[in-house]
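Step one of this worksheet: look at the structure below.
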Amino acid sequence: MSDLISVDECEQLTPEHVHDLYRRHVNRSQVSLMTSFGFGRELVERAEGAYLWTRSGRRILDFTGGVGVLNHGHNHPRILAARKRFQELRRMEVHKTYFSPYVAALGHNLAQLLPGDLNMSFFPNSGAEAVEGAVKLAYKYHRGRRHRILRADIAFHGKLLGSGSLTGAHQNFTFPGIPGVEVFPYGDLDAVRRLAGKDVYAILIEPFSASTMTACSEEFLRGLRELCDVHDIVLIFDEIYTGWGKTGSLFHFMRYPGLVPDVVTTSKSFGGGKSSISAYIAREPVFRKAYDNLGDSLMNSTSTTYYGFGEETATAVEAVNIAVEDDYPARARAIERVLAPGLERIRKTYPDTVAQVRGVGALYGIFLDGGPKLLDRVARLAPVGLARDPNFRVKLITCAVIDALYRDHGVYAYYTLNGANPLVAAPPLVVEPADVEYFLDSLDQTLGQGLLRLVTRFVKEKVAPRWGS
Ligand SMILES: Cc1ncc(COP(=O)(O)O)c(C=O)c1O
């Protein structure tokens, strides 16, 4: 047993050693893919607020926002203090048959903050579990007598077998999934009308799709609500990414007064950047009809191992309080006031490069393109098989820009794997306006170098060695 690695020794591992261990024990292809980027070649020493510091001493502005997890930024002091207090007081972690004051408080707080009778909460650990919990609730609400569930063509709801079958991302392999899933075009109320009926138990939708930067109109969402009322269908809003202020309201749907889904899901920043916790919150009558009897009472809420773990839920209580006290929706709107016009300026400066800029609050997508001529030249840099895929060419351009932002400006960004692969600007809500300006200047200077130059450099230095050319 002497060659086990200790936690202390983890701190001493070099990037090369970590890659090697990943290759042998985690995921070899991930190493090939991620070491194409500067960030795949470095390790992070520490992270605070909107910044992280690499082992090599670089300060990096994190504009990924932790892909929705870091509205509070890295290691928010109040989140750390809540966790430290929990540990110092030796609080109990596993609440199976003892009741947890933190679960009780978290349920209360959510009911306070969400509109209408969205009063009943369930707290698993991942977004996919919250989605699947919501779908099970809807199925049980109809006592298993209805067999169809509707979801949009634009949809990301997770990667487990169930949630994966409700996700619309292009995947090159199909797993078995939930039966009876039918698909409507995002935002198309007439299409939903044609599909809705007495055999549909749920409609699942992201009011704002963070993977494609597309929003449902108010009219569409209110139309869904009406349809669901008419046919007694359970309406589920997936706000796993967009909750806790990201788009400028506490939840995206809350910008529309009086609009109340039957169930809403949340995760990511719900855990304050530290805790892996999610939730679905259901309207009281819906929850009660599904599960509120002694026989079914353990079917839902106490039935996962990590449900209601002490430190996770205590952290979420603090995360929610911070989001409200520090008015995270207002912070997102303040970020938007700098980010939106800045990106628009950049789009106008580089009309051949930036096809579109789209988003809301602190969540924007920059759709890079470069026109057919450039795409054609980019295609010639890649092996024939890959070059034929138009998606691949856009991805390559976007990756080249992300790589240059990181290398030349210390800005960390990502692109979505769904839809048209936009470069995402989604900073933590604790960034300063000056940070947003810095991101905009960095993007401007990067695009100013010209896409062809960026892509050629990226391919030559980072990618071609992997193609063996
Ligand atoms: C809208 C939405 N739903 C569900 C999920 C799945 O969450 P998880 O990855 O925690 O399972 C995500 C994750 O990105 C998401 O953005």
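In terms of the salt bridge (charged side-chain N to carboxylate O under 4.0 Å, His left out) criterion, residue partners of Glu182 (sequence neighbours excluded) are, by chain and number, Arg148. Every residue meeting the salt bridge (charged side-chain N to carboxylate O under 4.0 Å, His left out) condition with Arg78, not counting sequence neighbours, appears here in chain and number order: Glu318, Glu325. Residues satisfying the side chain to side chain contact (heavy atoms under 4.5 Å, CB included) test with Glu311, not counting sequence neighbours, are Arg83, Phe86, Gln87, Glu93, Thr315.
When all heavy atoms of Thr212 and Arg358 are compared, the pair lying nearest together is O-NH2, 2.6 Å. For Val230 against Lys198, the heavy-atom pair with the smallest separation is O-NZ, 3.5 Å. Minimum heavy-atom separation, His74 to Leu52: NE2-CD2, 3.9 Å. Here the closest non-hydrogen pair linking Gly248 and Ala332 is N-CB, 3.8 Å. Annotation for Val200 and Ile203: closest pair CG1-CG1, 4.4 Å, computed over non-hydrogen atoms. Across all their heavy atoms, Pro329 and Leu250 have their closest contact at CG-N, 3.6 Å.
Heavy atoms from other residues, nucleotides or ligands lying under 6.0 Å from OH of Tyr256 number more than 12. A 6.0 Å sphere centred on OH of Tyr438 holds more than 12 heavy atoms belonging to other residues, nucleotides or ligands. The environment of Arg288 atom CZ is dense: over 12 non-hydrogen atoms of other residues, nucleotides or ligands sit within 6.0 angstrom. More than 12 heavy atoms of other residues, nucleotides or ligands shown are found within 6.0 angstrom of CD on Glu344.
Proximity of Thr353 to Val401: side-chain heavy atoms (C-beta onward) are nowhere separated by under 4.5 Å. When side chains are defined from C-beta on, Arg146 counts as touching Asp232, because their heavy atoms get closer than 4.5 Å. Between Leu227 and Leu189 the shortest side-chain heavy-atom distance falls below 4.5 Å. Under the 4.5 Å side-chain criterion, counting only non-hydrogen atoms from C-beta, Cys216 is in contact with Ile205. Inter-residue side-chain proximity for Val317 and Asn321 is flagged as met; some heavy-atom pair is nearer than 4.5 Å. Within the 4.5 Å cutoff, the side chain of Leu114 has heavy atoms near those of the Met254 side chain. Considering only heavy atoms from C-beta on, His409 stays 4.5 Å or farther from Asp441 through its side chain. Residues Asp262 and Ile236 are not in side-chain contact: their nearest non-hydrogen atoms beyond the backbone lie 4.5 Å or more apart.
Between the Asp238 side chain and the Thr265 main chain, no donor and acceptor come within less than 3.5 Å of each other. The backbone N or O of Pro428 sits nowhere less than 3.5 Å from a side-chain atom of Asn71 that would complete a donor-acceptor pair. In terms of modelled atom types and a separation under 3.5 Å, the side chain of Glu206 and the main chain of Phe156 share a donor-acceptor contact. Between the side chain of Ser269 and the backbone N or O of Val69 there is at least one donor-acceptor pair closer than 3.5 Å. Under a 3.5 Å cut-off, the side chain of Arg283 and the backbone N or O of Val234 do not form any donor-acceptor pair. No donor-acceptor distance shorter than 3.5 angstrom exists from the side chain of Arg347 to the backbone of Val357, with no hydrogens or angles considered. At distances below 3.5 Å, not a single donor-acceptor pair connects side-chain atoms of Arg145 with backbone N or O atoms of His142. At distances below 3.5 Å, not a single donor-acceptor pair connects side-chain atoms of Glu129 with backbone N or O atoms of Ser278. In this structure, Thr167 contributes its side chain and Gly158 its backbone to a donor-acceptor pair below 3.5 Å. A distance-only check finds a donor-acceptor pair linking the side chain of Glu312 to the backbone of Ser276 [under 3.5 Å].
Looking at Asp229 and Arg225, a side-chain N of the basic residue comes within less than 4.0 Å of a carboxylate O on the acidic one, giving a salt bridge.
Aromatic pair Phe39/Tyr412: centroids less than 6.0 angstrom apart. The distance between the ring centers of His72 and Tyr328 falls below 6.0 angstrom. Ring centers of Phe251 and Phe208: at least 6.0 Å apart, outside the cut-off. Taking the centre of each ring, Phe122 and Tyr307 come in below the 6.0 Å mark.
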Working for side chain to side chain contact (heavy atoms under 4.5 Å, CB included), residues Asp444 and Tyr350: CA-CA 9 Å; Asp444 191 351; Tyr350 305 101; 2.5 Å; yes
Residue pair Phe287, Asn119: steps toward the side chain to side chain contact (heavy atoms under 4.5 Å, CB included) verdict: CA-CA 9 Å; Phe287 185 88; Asn119 289 341; over 6 Å; no
Working for side chain to side chain contact (heavy atoms under 4.5 Å, CB included), residues Ile233 and Leu150: CA-CA 10 Å; Ile233 296 169; Leu150 311 184; 5.7 Å; no
Steps toward side chain to side chain contact (heavy atoms under 4.5 Å, CB included) verdict (Phe237, Leu221): CA-CA 10 Å; Phe237 284 172; Leu221 291 174; 3.9 Å; yes
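Between the side chains of Glu336 and Tyr364, a donor-acceptor pair is found at a separation under 3.5 Å.
Using bins of under 30°, 30° to 60° and over 60° for the plane-to-plane angle, the ring pair Phe458/Phe37 lands in the tilted bin.
From Tyr241, atom OH reaches atom NZ of Lys268 across 6.5 Å, with rounding to the nearest 0.5 Å. Going from atom CG of Asp188 over to atom CZ of Phe220 covers 7.5 Å, rounded to the nearest 0.5 Å. Interatomic distance, OG of Ser267 versus CG of Asn125, reported as 8.5 Å (0.5 Å rounding). Expressed to the nearest 0.5 Å, how far CH2 of Trp244 lies from CZ of Phe270 amounts to 6.0 Å. The OG atom of Ser165 sits 7.5 Å away from the CD atom of Glu132 when rounded to the nearest 0.5 Å. Between the CZ atom of Arg333 and the OG1 atom of Thr247 there is a distance of 10.0 Å, given to the nearest 0.5 Å.
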